[in-house]
Amino acid sequence: DPRKVLASRKEQDRIKGLLKDHGLVLSALAVHGNPVHPEKGFAKKHHDEFATAVELAPKLGTDIVITFSGCPGGSKKDTTPNWVTCPWPGDFTEILKYQWETVLVPYWAQQAKFASKHGVRVAWEPHPGFCVYNGETVIRLSELAQKKAGMRGKPVLGANLDPSHLFWQGMDPVLVARQLGEAGLLFHVHAKDTELDRHEGPLNGYLDAKPYGDLKRRAWNFRTCGWGHGTEFWRPFVSMLRRHGYDHVLSIEHEDAPQPLDERRQARQRRIADAHVAAWRKEVRVIDRPDRLHARHRPGVGVRIGQIHP
């Protein structure tokens, strides 16, 4: 229970001791919720979890909390979120105006001040279904919320960049990494791949709501790094991160349904990850200055085992 950990210095020390004993570092705390959900009880629960993570993060040795921007309803009367993907019919534009001006910006302005008070940076994961789903919306919400909060200087609202959510939206994650890097918003990175089906995608498009377990009929599926895109993507991607000063972990999320995570395959995944990291580091050395070739200037690897979505 994170609340109990927050209240217990002994438990905090125990967790930090376990990490140290296993040669690990805590790259971030993650609370993937929707704190602007139109159902107040639901929103409060997710907000409270986020607030707990912000207070707990520095006590466990990290200054990053990963979350989603959330998605409000389309009006004050709605009871479920409403994710708008196009400007027509015209009421969609009114929905966006309500969501951003009445809910999102005021909420995140308050959270920016709260996070800054605790020395924490908030890393939104751009994700379809939420109002922040690409680089442009990360930048827009960060700028508007911090302006409303009256905050200047280095931003505290930025991105947890996960390329797997960008592939099936038709984006180039290398360009998004550059976009967010130029804005100074690259706070954290997930290393997860997506396989785009060569038949289902061109036939039905990539807006696919079929269950994640329906592998035969889905237009795309999450995959382990290298099983959706090879080094022709991952090398330029990591190189772009380094060009813009990213010097933190590549946190591997395992949500690869075709390859269940049993003990035998865990070992294979580690070998695959090690091979890709070796390739990435080789590329990083090419773009880095010789006088800066030091371990702390190369991306590390974090492993985050995620639940395979039902």
Side-chain angles (χ1 to χ4, degrees), residues 27-37 42-43 46-57 62-72 81-85 96 99-101 103-116 118-149 151 154-169 171 173 175-192 241 244 246 248-251 253 255 302 304 306:
S27 66
L29 293 185
V31 279
H32 289 87
N34 186 358
V36 293
H37 194 286
F42 192 96
H46 284 197
H47 167 75
D48 290 347
E49 291 171 350
F50 168 76
T52 298
V54 169
E55 293 185 71
L56 182 57
T62 182
D63 69 339
I64 299 174
V65 170
I66 298 169
T67 189
F68 294 130
S69 68
C71 182
N82 190 335
W83 186 48
V84 176
T85 60
L96 285 173
Q99 290 179 328
W100 281 77
E101 295 182 4
V103 184
L104 278 174
V105 172
Y107 175 80
W108 284 110
Q110 290 297 318
Q111 303 322 307
K113 290 188 286 187
F114 176 65
S116 180
H118 291 279
V120 167
R121 295 178 293 162
V122 178
W124 296 310
E125 184 170 334
H127 196 294
F130 298 104
C131 292
V132 165
Y133 57 91
N134 59 13
E136 182 179 57
T137 48
V138 170
I139 295 169
R140 181 186 177 202
L141 186 53
S142 177
E143 290 179 347
L144 290 176
Q146 293 184 170
K147 181 179 180 180
K148 186 174 182 64
M151 298 175 63
K154 289 187 177 181
V156 298
L157 302 176
N160 171 57
L161 181 57
D162 186 333
S164 70
H165 305 307
L166 308 183
F167 288 124
W168 65 268
Q169 292 187 83
M171 302 177 210
L175 297 182
V176 177
R178 184 180 70 181
Q179 178 188 36
L180 293 172
E182 290 174 347
L185 300 181
L186 282 172
F187 290 179
H188 197 271
V189 177
H190 276 170
K192 189 172 68 181
L241 297 175
H244 289 282
Y246 185 77
H248 200 34
V249 303
L250 302 173
S251 180
E253 283 193 303
E255 296 181 18
R304 179 177 179 271

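- Checked against the 6.0 Å centroid threshold, W83 and Y133 count as a close aromatic pair.
- With rounding to the nearest 0.5 Å, the separation of NZ in K148 from CD in E101 is 10.0 Å.
- Within the 4.5 Å cutoff, no side-chain heavy atoms of R121 are placed close to those of K154.
- In this structure, H46 has its ring center no closer than 6.0 Å to that of H37.
- Note: N34 CG to F42 CZ = 6.5 Å, rounded to the nearest 0.5 Å.
- The main-chain N or O of H32 is never found under 3.5 Å from a side-chain atom of T67 such that the two would form a donor-acceptor pair.
- The shortest side-chain heavy-atom distance between L185 and P155 falls under the 4.5 Å cut-off.
- Residues W124 and S142 form a side-chain contact, since some pair of their non-hydrogen atoms from C-beta on lies under 4.5 Å apart.
- To the nearest 0.5 Å, atom CD of residue E255 and atom OG of residue S164 are 7.0 Å apart.
- Between atom NE2 of residue H127 and atom CG of residue L166 there is a gap of 10.5 Å, rounded to the nearest 0.5 Å.
- Here the closest heavy-atom approach between residue G181 and residue L186 is recorded as CA-CD1, 3.6 Å.
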Evaluate H188 against S27 for side chain to side chain donor-acceptor pair (under 3.5 Å), listing each step before the verdict. CA-CA 8 Å; H188 197 271; S27 66; 3.1 Å; yes
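- Between Q179 and V176, the closest side-chain pair of non-hydrogen atoms falls below 4.5 Å.
- H165 places none of its side-chain heavy atoms less than 4.5 Å from the side chain of F130.
- Taking OG1 of T137 as the reference point, atom CG of L144 lies at 11.5 Å (rounded to 0.5 Å).
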Dump the intermediate steps for side-chain contact (heavy atoms from CB on, under 4.5 Å) on D162 and E253, then the final yes or no. CA-CA 9 Å; D162 186 333; E253 283 193 303; 3.0 Å; yes
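- Side-chain rings of H248 and F187 stay apart, their centers remaining 6.0 Å or farther from each other.
- Side-chain contact between C71 and Q99 is present, with heavy atoms from C-beta onward closer than 4.5 Å.
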Evaluate ring pair (Phe, Tyr, Trp, His ring centres under 6.0 Å) for F50 paired with W108, printing each intermediate quantity in order. CA-CA 12 Å; F50 168 76; W108 284 110; 5.5 Å; yes
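- Under the 3.5 Å distance criterion, with hydrogens and angles disregarded, no donor-acceptor pair is assigned to the side chains of H244 and E182.
- Nearest heavy atom pair, residue S69 against residue V132, reads OG-N, 3.0 Å.
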Can you list the steps and then say if L56 with V65 is a side-chain contact (heavy atoms from CB on, under 4.5 Å)? CA-CA 10 Å; L56 182 57; V65 170; over 6 Å; no
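- L104 approaches G70 most closely through the heavy-atom pair CD2-O, 4.1 Å.
- When all heavy atoms of L180 and A159 are compared, the pair lying nearest together is CD1-CB, 3.8 Å.
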Between V120 and V156, is a side-chain contact (heavy atoms from CB on, under 4.5 Å) present by the stated rule, with each step listed? CA-CA 7 Å; V120 167; V156 298; over 6 Å; no
I would like to know whether N134 and M171 meet side-chain contact (heavy atoms from CB on, under 4.5 Å); could you show each step before the answer? CA-CA 9 Å; N134 59 13; M171 302 177 210; 3.4 Å; yes
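- Counting heavy atoms from C-beta on, the side chains of I66 and I64 come closer than 4.5 Å.
- Between atom OG of residue S116 and atom CD of residue Q146 there is a gap of 8.5 Å, rounded to the nearest 0.5 Å.
- Closest non-hydrogen pair, Y246 versus L250, comes out as CE2-CD2, 4.4 Å.
- Here the shortest heavy-atom pairing between A115 and V122 reads CB-CG2, 3.8 Å.
- Contact annotation: the side chain of L141 never approaches that of L157 to less than 4.5 Å [non-hydrogen atoms, C-beta and beyond].
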